[in-house]
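Before any comments, here is the structure.
We name chains A, B, ... by the order of the sequence lines, and we start the count at 1 in each one.
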2 protein chains.
Amino acid sequence: MVTIKDVAKHAGVALSTASYALSGSDKVSPKTRELVLQAAKELNYQKNGFAMDLKRKSTKTILLILSDLSGPYYSELIRGTQEVTLSNGFDLIACSSVGGADSTAYKFLQERRVDGAIVLDPNISEHLLRESAREGCPIVVMDRYVEGDFIMNVAADNVQGGYEATRYLMEKGHRDIAWIGGPSNSLGSQHRKEGYLKALQEEGIVNTKWMLVGNFTEEGGYHSTKVLLMQEEHPTAIFYGNDEMAIGGYKALREFGLSVPEDVSIVGFDDIQVAEYLSPPLTTVRQPKYEMGTMAAHLVFQAMGGEYVNKSYKLKIELIERLSCQPPRLAPNRGKGMET
Amino acid sequence: MVTIKDVAKHAGVALSTASYALSGSDKVSPKTRELVLQAAKELNYQKNGFAMDLKRKSTKTILLILSDLSGPYYSELIRGTQEVTLSNGFDLIACSSVGGADSTAYKFLQERRVDGAIVLDPNISEHLLRESAREGCPIVVMDRYVEGDFIMNVAADNVQGGYEATRYLMEKGHRDIAWIGGPSNSLGSQHRKEGYLKALQEEGIVNTKWMLVGNFTEEGGYHSTKVLLMQEEHPTAIFYGNDEMAIGGYKALREFGLSVPEDVSIVGFDDIQVAEYLSPPLTTVRQPKYEMGTMAAHLVFQAMGGEYVNKSYKLKIELIERLSCQPPRLAPNRGKGMET
DNA sequence: GAAATTTATCGAAACGTTTCGATTTGTTTT
DNA sequence: AAAACAAATCGAAACGTTTCGATAAATTTC
C-alpha cells in the first residue's frame, strides 16, 4: 500500500512537506506542490482516512441510525438530514441496528467513529445512547424520549395527531370509532392513542370493545381488523396507528364484503407514498418528516457549537383529507359535527 | 478523552496488558482481566475505532452507495446485502453521492475507509471506481457495466424483461405498443428497450411514432404520455421503462378520458410497492432485487478471498401479471396470441 | 554586502491502538 | 533446592497521518 511516505520519497521531499502539499497548505511553494501532486498521481496514492481522523480527532461525519435501512417511511426524513449535513460540510452515513449488539450501529456509536448521531430506531437501548453521547458527539433521538447529557429529542406531536384525526371522524358524525394501535413499545403509538382517547372523552364516549394492537405491519392490520369484524357489533370508523396497518385493514374489510368509506370510514397515520394511490385514497395524518429531518440535523450542529438551547422538540402534524371517510350511514340523526 | 493508557494506569498494569484484557485475549490472567474491565467501566472508556483500524489495516465494513439514500426502490436490495454482510461478520453502511465530488461516497471510496463497496448509483464515475477498486477493496457495480480490476457487475436481465413484457402484450393481441423509456444514460432502460424492439421485430412490426423518453419519474411519465396522446393515432398498449412513469401514465390517461385496461393496456417495470395498489393493479416486470442484493454482497466477500470467478452476472426477471392489460378492443380479429 | 526578515523545507512528536519479542513471575520437574 | 519450563506481564515499535518548532534558503532592508 502506498503511503504519504512513498510519495514524499518519490518526489524527493520530506514527509511533512508532502503532507502540506497534499492538503493544499500555502506553506509550500507552487513548484514543490506540483512535484508532490505529480508523484502522488504516478503512484496512485490514496490517503488513509483513519490515520487522518486519528490525528485530527474529528471525523466530520454524522451517523443516521435506522431500524432497518429500508423502510419506505424514511425517504423524506433522510433527504432533510442529508441536505443539512452536507451544507455544513459534513458527511452522512446510514446504518441499521439489525444484528443487535453486533450491529453496525453499536460499533459506530461505541467506537467513536462519528461526530454526532441521529437515531430513529426503537431498538437502540437508552443505556447505549447515554453512554455514547458526549461532548464531541451529540445525539438526537427521534420519535421517542430519552433524557441525558448531550441528548436531544425530536418528535411529531403524536398526541395532537391522534386527537385531530379522531375529532375529524367525530365531526363527520362517528361515535363508534375503533383504534388499532402499534406495538406497545412505540411511544409514538401510545401518544396517538392518547390523543384519540382525549377526543373521545371530550364527547363522553367510552370505548372498551374496540381497541386492538397490531404491530405496524400490513399483516398486523389485517389480522386485527379481522378479529374486530368478527365481533357482533361493528364500529362505523377505524383509526389505525399507521398507514401500513390501514392497508391491511382495507383488505380485511373487502373480504368481509364491507366497503370503504360507505360501510366504514378509515383514517391512517404517516402518509406514506402508497396512501394516495389506494382505493379509496386514504385519509391520514401526515408527519412533517422532511422538517423532522432538517430539525434533527440542525440540532446536532447547534450542539456541536456548544448550544443546548432546548432538549426536546415537538413538530406540528397535519391531517390529509382524502376519500376514505364519510358520515356513518346508519346514524343520520347524529348530525354532522353539530354535537360540540 | 479517556484512552487505553488511562485505563492501564488506573488498573495498575501495562498498556499492552490492558489491550489484551480488553480484547479478550487469553494471554492475560482472569484476575487482571477483571481489574482492567473494572477500570474501563469506571472511567467510561470507549475504544477509538480508527486507531484500531489503522493498526489492523482493515475496517470490516462494506459501503453501499445509493444515488439518494431514500428511493423506495432499494428496500429489498438493501435487505439482501445487509443479511449477507452481517452474517459474514462485517458492517454495512450506506451513503449517497449527493454532493458530487464532496459527497460522502467519494470520500469513503477515496480514503480507504472500507473493505469493499456495492454501488447502485449512475453518478459515480467510472474513473473513481477504477481508481478505488483494489486488492483489499473489491467493488460490485449494479445496473451498469464497468470494466476494471477488482470490479464486478451485477444486473437484472433487462433485455429479457423488455422482451417478455412486449411478448406478453403481443400475445394478448396488441400490435400498436408504445415505449416510454428512461433517461438515455441509463443502461437498464436501454436494455429494456432493446428487448422491446427485439420482440417487435420478430413479428415484423415497425414502430417509429411511439417511442418517447421520460426520466424515470412520475412527472416524466405523465408528460410523455400526454404528448403521446395528443398525436392523432393512439397505441393500444404502452410499455413504461419503470413503474413510477406508469403511475404518471395512469394519471394522463385518466385526464384524456381513457381507461386502463379497456382503452389501453399498460405494463411497467420494477414492481415497486405501490404497483399492486394502483387501480387497476399494475402488470409489471419484477426485478429480483433481494437476490441482486445478496448476490452483490456474496461477490464482494468472494473477491476478498481472492476469487474472481466471473466478472459479470445477469439475473433472471419475472413478469408479474395483474389487471392493467387485456386484449385491444378495436382489433378482435387479431386473435389472442395465435399469431406466433 | 552584512543584518534582518520572510519563506520554504525539514525532523520529530503525537494521535490511540495492536502485537512482537523480551522479561519477570510462578509452577513443575529433577 | 536448583533447573527447566510455562504463564503472565511488560516495553517498544508500528500503523499513516498532521503539525509544531527548528533549520535552511531566499529575499528584503539598511
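Atom CZ of R33(B) is separated from atom P of dA7(D) by 15 Å (rounded to the nearest Å). Atom-to-atom, CG of L35(B) to P of dA8(D) comes out at 15 Å; the value is rounded to the nearest Å. Rounded to a whole Å, the NZ atom of K27(B) is 15 Å from the P atom of dA6(D).
Of all heavy-atom pairs between H10(B) and A39(B), the closest is ND1-CB, 3.6 Å.
Atom CG in L128(B) sits 7.5 Å away from atom CD1 in I65(B) (nearest 0.5 Å).
Within the structure, a side-chain polar atom (N or O) of S29(B) is placed less than 4.0 Å from OP1 or OP2 of dT9(D).
In summary, the side chains of H298(B) and Q302(B) do not present any donor paired with an acceptor at a separation below 3.5 Å, with no hydrogens or angles considered.
Judged purely by atom type and a 3.5 angstrom limit, D115(A) uses its side chain to pair as donor or acceptor with the backbone of K60(A).
Ionic pairing of E34(A) and K31(A) is not present here: no N-O contact between side-chain nitrogen and carboxylate oxygen is shorter than 4.0 angstrom.
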Worksheet entry | Footprint string (nucleotides 12-19 of chain C, 5' to 3'): B base within contact, S backbone only, - free, heavy atoms under 4.0 Å | B-BBBBBB

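Figure legend: cation-pi geometry between R113(A) and F108(A), with NZ or CZ positioned under 6.0 Å from the six-membered ring centre and within 45° of its axis.
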